Structures are given as structure tokens and as C-alpha cells.
Amino acid sequence: MAMTPASDRLTATFSALADPTRRAILARLTLGETSVGELAEPFDMSLPAISKHLKVLERAGLIARGRDAQRRPCRLAAAPLHEVSDWVATYRRFWEQRLDRLEAYLHEAQASSPAPRKRKPTHARKSK
């Protein structure tokens with residue numbers, strides 16, 4: 001199967017989302033634009049390591065960086081996440097259809113099976 005530009009973007013997005021640090025950075029950016037230094041604060045890693053994560057997110061189109069004098073604020077760019085949501089929705093529909101068929105089958109099976117017989121209680125034997 002040939003890679004299309006859309007599937008290339010999806011691959012880049014999933015690759016960027018694979019790392020928990022990058023997901024945490026994106027979660028922080030949902031609160032609004034912030035500086036690289038502020039993004040780095042909660043992490044036990046160097047500023048260059050955070051910058052590498054930001055570059056991955058930027059290449060995937062998940063963040064955008066501005067320039068404000070000496071400051072390079074980052075902001076969330078959510079369009080690629082919409083593409084992921086669309087991709088996942090296809091599979092959600094698939095599983096919902098399968099679960100609906102399973103539910104119908106179980107209802108049918110329950111309706112056609114005889115009622116379970118009641119068992120007589122068993123009494124424990126007393127040991128002498």
C-alpha cells in the first residue's frame with residue numbers, strides 16, 4: 001500500500017503522540033500558549049531534551065511556535081488530532097456494529113433458551 005500525504009501525516013501524528021512527555025506537553029498547551037521554559041518546568045530533563053520533543057511535535061504539525069522578542073511561545077495546533085479522531089471513528093463504527101450484532105445474538109439466544117431449572121439445595125455433611 002502506497003503512503004499518501006494524509007497517511008504520512010497520520011503516521012507522523014501517531015509517532016509524536018507515542019511519547020508520554022510529548023502528550024503531557026500537548027495537554028499543557030490545551031490551557032493556552034506558553035514558553036519553552038514554562039513547558040519544561042514540570043519535567044526532569046534538560047531544556048535541549050524538551051526542545052527535541054518540541055521539534056517532533058512541530059514536524060507533526062501538532063504545535064506552532066511564534067516569536068515574541070526573545071520569547072518563542074508555543075501553542076497547540078489541533079488539526080492533526082482531528083485527522084486522528086476521524087481515523088479512529090472508522091474503527092469505532094466497526095466495533096459498535098460488531099457489538100450490536102453480538103447483543104442481538106445474545107438477546108435471541110436468551111429468548112429461545114428454556115428457563116434454567118432450579119437446583120435442590122445441597123446440604124453439607126457433618127463430619128464425625
Side-chain angles (χ1 to χ4, degrees):
M1 176 182 236
M3 295 289 276
T4 64
S7 65
D8 284 348
R9 282 192 312 269
L10 197 56
T11 298
T13 301
F14 276 120
S15 180
L17 294 173
D19 186 274
T21 300
R22 292 192 286 267
R23 291 192 306 270
I25 289 170
L26 291 177
R28 168 53 186 88
L29 289 174
T30 63
L31 302 175
E33 183 176 280
T34 190
S35 71
V36 174
E38 291 168 321
L39 283 173
E41 283 176 9
F43 301 103
D44 187 23
M45 61 179 66
S46 67
L47 206 52
I50 290 292
S51 289
K52 285 181 182 181
H53 283 294
L54 293 174
K55 286 177 188 171
V56 171
L57 291 168
E58 194 171 22
R59 278 194 305 269
L62 290 164
I63 66 166
R65 293 203 232 188
R67 190 174 293 278
D68 181 17
Q70 300 290 23
R71 206 168 155 255
R72 298 257 348 236
C74 298
R75 70 179 184 285
L76 180 66
L81 296 175
H82 185 68
E83 292 175 15
V84 168
S85 178
D86 290 346
W87 184 84
V88 169
T90 301
Y91 294 95
R92 181 181 305 121
R93 283 189 297 273
F94 168 79
W95 282 108
E96 285 173 353
Q97 290 169 353
R98 294 198 75 168
L99 290 171
D100 289 346
R101 286 196 307 264
L102 176 60
E103 181 181 31
Y105 170 79
L106 292 173
H107 284 299
E108 184 180 307
Q110 286 175 343
S112 65
S113 68
R117 293 185 294 169
K118 290 187 179 181
R119 297 189 335 177
K120 292 181 185 179
T122 58
H123 298 291
R125 293 186 185 187
K126 291 183 182 176
S127 59
K128 292 184 183 182

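Keep in mind it's a predicted model, so treat the numbers as computed, not measured.
Going from atom CZ of Arg75 over to atom OG1 of Thr30 covers 15.0 Å, rounded to the nearest 0.5 Å. Here NE2 of His82 is found 15.5 Å from CH2 of Trp87. Values are rounded to the nearest 0.5 Å. With values rounded to the nearest 0.5 angstrom, Thr34 atom OG1 is found 5.0 Å from Leu39 atom CG. The distance from atom CG of Leu81 to atom CG of Asp86, rounded to the nearest 0.5 Å, is 11.0 Å. Distance check: Leu54 CG to Arg22 CZ gives 10.0 Å after rounding to the nearest 0.5 Å. The CZ atom of Phe14 sits 10.5 Å away from the CD atom of Glu83 when rounded to the nearest 0.5 Å.
No donor-acceptor pair closer than 3.5 Å links the side chain of Ser15 to the backbone N or O of Thr11. In this structure, the side chain of Arg65 does not engage the main chain of Cys74 through any donor-acceptor pair within 3.5 Å. With hydrogens and angles disregarded, no donor-acceptor distance shorter than 3.5 Å links the side chain of Gln97 to the backbone of Phe94. Side chain of Arg23 to main chain of Ala18: a donor-acceptor pair is present (N/O by atom type, distance under 3.5 Å, no hydrogens or angles).
Residues Val56 and Asp19 fail the side-chain proximity criterion, which asks for heavy atoms closer than 4.5 Å. The side-chain heavy atoms of Met45 and Ile50, taken from C-beta on, include a pair separated by under 4.5 Å. Within the 4.5 Å cutoff, side-chain heavy atoms of Ile25 are placed close to those of Leu29.
Ile63 and Leu31 end up in different hydrophobic clusters when Ile, Leu, Val, Met, Phe, Trp and Tyr side chains are linked at under 4.5 Å. Cluster membership check: Tyr91 shares its hydrophobic cluster with Leu10, using side-chain heavy-atom separations under 4.5 Å among Ile, Leu, Val, Met, Phe, Trp and Tyr.
The shortest heavy-atom contact between Thr13 and Val84 is CG2-CG2, 3.4 Å. Between Gly37 and Leu47, the shortest heavy-atom distance links the atoms CA-CD1, 4.4 Å. Of all non-hydrogen atoms in Ser51 and Val36, the two that sit nearest each other are OG-CG1, 4.4 Å. Closest approach of Ala60 and Ala12 over heavy atoms only: CB-O, 3.6 Å.
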